[in-house]
There are 2 protein chains.
Amino acid sequence: MARGHPAGPTGPAIRRAFDLLDLFTTARPRLTLSQLARHGGVPLSTAHRLVAELVRWGALERDPDGSYHIGLRLWELGALAPRGQGLREIALPFLEDLSQISRENVQLAVREGAELVFVERIAGTGAVPVFTRVGGRFALTATGVGLVLLAHAPTEIQDDVLGGRIERYTERTVTDPARLRRMLADVRTNGFSISDRQVTTDSLSVGAPIHDHLGQVVAAVSLVVRHGTASPHTLAPLVRTSARAISHALARRR
Amino acid sequence: MARGHPAGPTGPAIRRAFDLLDLFTTARPRLTLSQLARHGGVPLSTAHRLVAELVRWGALERDPDGSYHIGLRLWELGALAPRGQGLREIALPFLEDLSQISRENVQLAVREGAELVFVERIAGTGAVPVFTRVGGRFALTATGVGLVLLAHAPTEIQDDVLGGRIERYTERTVTDPARLRRMLADVRTNGFSISDRQVTTDSLSVGAPIHDHLGQVVAAVSLVVRHGTASPHTLAPLVRTSARAISHALARRR
DNA sequence: GCTGAGCTTCCATATCACGGAAGTCTCGTT
DNA sequence: AACGAGACTTCCGTGATATGGAAGCTCAGC
């Protein structure tokens, strides 16, 4: 017939819908229908139908100008994620204490695949400015939190990360896999990590692991200070104590 | 044949998937497959397939004990919601100032349909304990923020709310539609709202509207204080000033 | 009034979702 | 050890539901 054409074989509808949602990023939090269709590799009419369905539920919302953005319903749902908001709520008072005591930046992160996701960040009064964003991702290889999370990640992930390309941020960034492996072993024996000017040339961070009720490492805290301000070895006990306190709070809450 | 039966007519796969996600609440953040199937009114094998798809993408994660919970990916996505995390980030410094100055509780909320959603809550040092939870919902009729949001909601929503059942929390809760309409008119002319012991018998809240760059009311702030501590009319200018500052910050950020 | 970009609707087709049933796994009980 | 109940996983014949090309629509710019 004139109308109607063989439906193209594609993928599960659910996956396609989430792939469209995935196009929203910090850098581009608002997208038009045609941008979604183009970047998502989906025919316009299909994108239109999927998006309409997402709007109906509240996963997306529409601006007066016609562009779409992530809806409040999705934010509400996300707030139920134990590794996101849940962790954040339990840890917050401890992180605030840590920030008060040290007057430095505090970071809380979890591992997601071969990267880390920042769950909370508290800026110390007059501390080094830090670029991280809550909800943002970063490599596991360079930061204090990253080294802790990588050190306690499954071997599979470690091999994956160490075998792949390791991003360099400063001239002191460790990119040699063998040396990184030794650093990770140190992190496991010492119970804390040190990242000395590996991300920026003037900052240093000390991280420690947070465990769940089964003893698994589920998150990491770190202090980020200006290089030369304090010795990492002075900071380590402070961070470890805070991490241990959070671990206990976590175990109790379950 | 023995195997295979007529596929039951149901609904869009996307809707069904999100309806399953909707079963997760603050009270029940972890659910097993059979709970999802039962409460979602979905055959077990169908639930299994849908959930598997959600896990593959990262919307759900699985515990060691087999139960499911909202995944980190969803939290990351939610963090991109302009009316959720986006608003929160812009408003936070102002809310902290307000909390510091007044030493009382500060609340930030937006309207979602015929309810409100709390986007941020800051507990003042030694202030009345407040039960609200970030990400939680509440009626539009009783609180300071709720009255502001309702006063500036579309007529359709107002009629819907005032025509429906109005929840009573204390003996002072206003449940008479006509009287509520007069209160809403006052809110619009005064530029602030007062909820005097309408939610709990010992607390009082004063709310003010936050506007976007087009002048639309998109959110509301309030101070929640113990009854008798301070006059609402003393608090009003403070809250309004804060709301106006947030409105400006919001307009600039766009 | 024409052009073009972005959006919306339509509908014949067949892909993909559907779910009953059978199989597996893990307990706790006899 | 054998049994049984409950929860989960896999299988696969069927057709309901998602698909996308094309046509229609809206609006701004020329």
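Residue numbers start from 1 in every chain, and the chains themselves are labelled A, B, ... in the order their sequence lines are given, proteins ahead of strands.
- Distances shown here put every side-chain N or O of B:Arg38 at or beyond 4.0 Å from the OP1 or OP2 atom of D:dG6.
- Closest approach to the B:Ala13 side chain among C:dG19, D:dG21, C:dA17 is made by C:dA17 (side chain taken as heavy atoms from C-beta onward).
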Dump the intermediate steps for salt bridge (charged side-chain N to carboxylate O under 4.0 Å, His left out) on B:Arg181 and B:Asp159, then the final yes or no. CA-CA 10 Å; B:Arg181 277 195 197 278; B:Asp159 294 344; 3.1 Å; yes
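- Under the 3.5 Å distance criterion, with hydrogens and angles disregarded, a donor-acceptor pair is assigned to the side chains of B:Gln107 and B:Thr132.
- As judged by a 4.0 angstrom heavy-atom cut-off over every strand, A:Thr46 is placed among the base-contacting residues.
- OP1 or OP2 of D:dT19 lies within a sub-4.0 Å distance of a side-chain N or O belonging to A:Arg49.
- Between the CD1 atom of B:Ile14 and the P atom of D:dA18 there is a distance of 8 Å, given to the nearest Å.
- Between the NE2 atom of A:His48 and the P atom of D:dG24 there is a distance of 17 Å, rounded to whole Å.
- Here the nucleotide nearest the side chain of A:Arg16, chosen from D:dC8, C:dC7, D:dG20, is D:dG20.
- Going from atom CZ of B:Arg30 over to atom P of D:dA7 covers 19 Å, rounded to whole Å.
- For the pair A:Arg15 CZ and C:dC16 C1', the interatomic distance rounds to 14 Å; values are reported in whole Å.
- A:Leu44 places its CG atom 14 Å from the C1' atom of C:dC10, with the value rounded to the nearest Å.
- Checked against a 6.0 Å centroid threshold, the rings of A:Phe138 and A:Tyr169 count as neighbours.
- One finds a side-chain N or O of A:Ser34 lying less than 4.0 angstrom from the OP1 or OP2 phosphate oxygen of C:dC7.
- Straight-line distance from the CG atom of B:Leu36 to the C1' atom of D:dT9: 15 Å, rounded to whole Å.
- Side-chain to base pairing of B:Ser45 with C:dG20: one donor and one acceptor N or O lie within less than 3.5 Å of each other.
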Might you work through the salt bridge (charged side-chain N to carboxylate O under 4.0 Å, His left out) test for B:Arg30 and B:Asp65, ending with a clear yes or no? CA-CA 11 Å; B:Arg30 287 160 202 278; B:Asp65 75 355; over 6 Å; no
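- At whole-Å resolution of the value, CD in B:Glu53 and C1' in C:dC18 are 14 Å apart.
- The interatomic distance linking B:Arg56 (CZ) with D:dT9 (C1') rounds to 14 Å, in whole Å.
- Taking the six-membered ring for Trp and the full ring otherwise, the centers of A:Phe18 and B:Phe18 sit less than 6.0 Å from each other.
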